[in-house]
Amino acid sequence: MGYVTAEERKPRGFRESSSGVWCDDVSPGMVARLARLGFDWVCLDAQHGGYSRTEIIDAARSFPAGLGELVVRVATCDFAAIGAALDAGASAVIVPQIESPAQAERAVAATFYPPVGERSMGQLSRIWGGSTMAAEEANRSTTCAVMIESAAALRSVEEIAAVSGVDQLFVGPNDLSLSLGTTVQALLDDDSETSPLARIVRVGEEHGRTVGGFAGTPELADRFRERGISCVAVATDLWITAEGTRAALRSRSS
Ligand code: 3PY
Ligand code: MG
């Protein structure tokens, strides 16, 4: 599979039904290649992956324009970290472990410029000669996704989704299943109308929020989509290199 160009492909946005890739290992080259190969969005993981602020900036500088969105999963609901990811050039943030409307309001305040929020102006693209965005345009094109990944978050999911400025509910199945005392597989197998995933999807629909989630493999991604979760991290950089390695070694002589 070769690289695609912006003309050949119209990437789907992070707010739509889309397929993204999750990057743990720090490699601006890998991030750029994954965007060029066809993912709708590439997420840098600053919570459980290796990404620090400097490395987010390096990846953003080499991200190919027009070929999908750069997304950052920040380490925590931190005002400075959210602003720094967006200043570097991310068009969306995924904010982990949101459990209350007050926390969701904090995430929104950090993501958007006034009058919507309290983000401070200072985009870094001016440093490398890129164009900066006016506050209004940035507010229109930036996405705030809050992670629903605990029993407490599930209890407050209606109130969290109702917070103005929350664009997306993003399911963290590993933490959610740990918190509920179950497994990712059991969460996905539960097809009842009262299941945790059905509840999140219903609430998302009621409030006009996209529902996204971390799958990490195409097999799990299909299961997420069957449950109505549409904006899915369908692979990780580590999975892709492992699968590529496995495929390559199939030709090894025994
Ligand atoms: C989770 O599954 O808990 C996540 O945060 C995905 O990385
Ligand atoms: Mg998690």
Side-chain angles (χ1 to χ4, degrees), residues 14 18-26 30-31 34 39-52 55-56 59 69-78 81-82 85 90 92-100 103-104 106-107 143-157 160 166-190 195-201 204 209-242:
F14 183 68
S18 55
S19 296
V21 60
W22 202 265
C23 289
D24 288 315
D25 193 13
V26 175
M30 179 69 149
V31 168
L34 291 171
F39 287 103
D40 295 317
W41 46 272
V42 182
C43 178
L44 314 180
D45 190 357
Q47 184 188 21
H48 294 304
Y51 280 92
S52 67
E55 289 146 350
I56 292 170
E69 288 192 48
L70 184 67
V71 179
V72 174
R73 196 258 291 265
V74 292
T76 176
C77 185
D78 176 72
I82 293 172
V93 282
I94 300 176
V95 186
Q97 294 176 304
I98 295 299
E99 298 192 330
S100 68
Q103 289 172 354
R106 185 87 187 134
T143 301
C144 178
V146 296
M147 290 195 74
I148 304 297
E149 50 180 351
S150 68
L154 199 57
R155 279 195 297 275
S156 297
V157 67
I160 291 171
V166 165
D167 297 301
Q168 180 172 149
L169 306 176
F170 196 91
V171 177
N174 297 297
D175 283 324
L176 182 59
S177 58
L178 272 176
S179 175
L180 294 175
T182 183
T183 63
V184 173
Q185 210 54 51
L187 264 185
L188 288 164
D189 286 346
D190 188 348
S195 76
L197 296 183
R199 180 169 174 190
I200 296 168
V201 169
R209 315 298 188 217
T210 311
V211 180
F214 174 87
T217 68
E219 290 72 23
L220 281 182
D222 288 344
R223 304 291 321 280
F224 272 71
R225 291 211 160 96
E226 281 165 17
R227 294 279 166 261
I229 294 168
S230 61
C231 172
V232 185
V234 300
T236 65
D237 54 349
L238 304 183
W239 181 87
I240 287 169
T241 45

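Everything numeric here is computed off the predicted structure, so don't read it as measured data. First listed ligand is number 1; within each ligand, the first listed atom is number 1.
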Indicate yes or no: at least one non-hydrogen side-chain atom of Thr241 is less than 4.5 angstrom from one of Met30.
-> yes
How would you list, by chain and number, every residue that makes a salt bridge (Lys or Arg N to Asp or Glu O under 4.0 Å) with Arg199, sequence neighbours excluded?
-> Glu158
Spell out the protein N/O/S atoms under 2.8 Å from the Mg ion (ligand 2) as residue plus atom name.
-> Glu149 OE1, Asp175 OD2
Quick one: does Leu178's side chain get under 4.5 Å of Asn174's, heavy atoms only?
-> no
Numbered atoms and elements of ligand 1 in range of Asp175, under 4.0 angstrom, heavy atoms = 1 (C), 2 (O), 3 (O)
Atoms in ligand 1 flagged as close to Glu149, the criterion being non-hydrogen separation under 4.0 Å | 1 (C), 3 (O), 4 (C), 5 (O)
Could you list which atoms of ligand 1 come closer than 4.0 Å to a heavy atom of Met147?
-> 4 (C), 5 (O)
Provide the number and element of each atom of ligand 1 under 4.0 Å from a heavy atom of Arg73.
-> 4 (C), 5 (O), 7 (O)
Taking only heavy atoms of Asn174, which atoms of ligand 1 are found under 4.0 Å from at least one of them?
-> 1 (C), 2 (O), 3 (O)
Hey, are Trp22 and Asp45 close enough side-chain-wise for a donor-acceptor pair under 3.5 Å?
-> yes
Do Ile94 and Phe14 touch side chain to side chain, with heavy atoms closer than 4.5 Å?
-> yes
Under 3.5 Å, N or O to N or O, is Pro173 touching ligand 1 that way?
-> yes
Any salt bridge between Arg227 and Asp190, counting N to O under 4.0 Å?
-> no
Tell me, do Trp41 and Ser19 make a side-chain contact under 4.5 Å, heavy atoms counted?
-> no
Using only heavy-atom distances, determine whether the side chains of Arg73 and Gln47 contain a donor-acceptor pair under 3.5 Å.
-> yes
Number the atoms of ligand 1 from 1 as they appear, then name those within less than 4.0 Å of a heavy atom of Gly172, with their elements.
-> 1 (C), 2 (O), 3 (O), 4 (C)
State, with a plain yes or no, whether a side-chain heavy atom of Ile148 is found less than 4.5 Å away from one of Phe170.
-> no
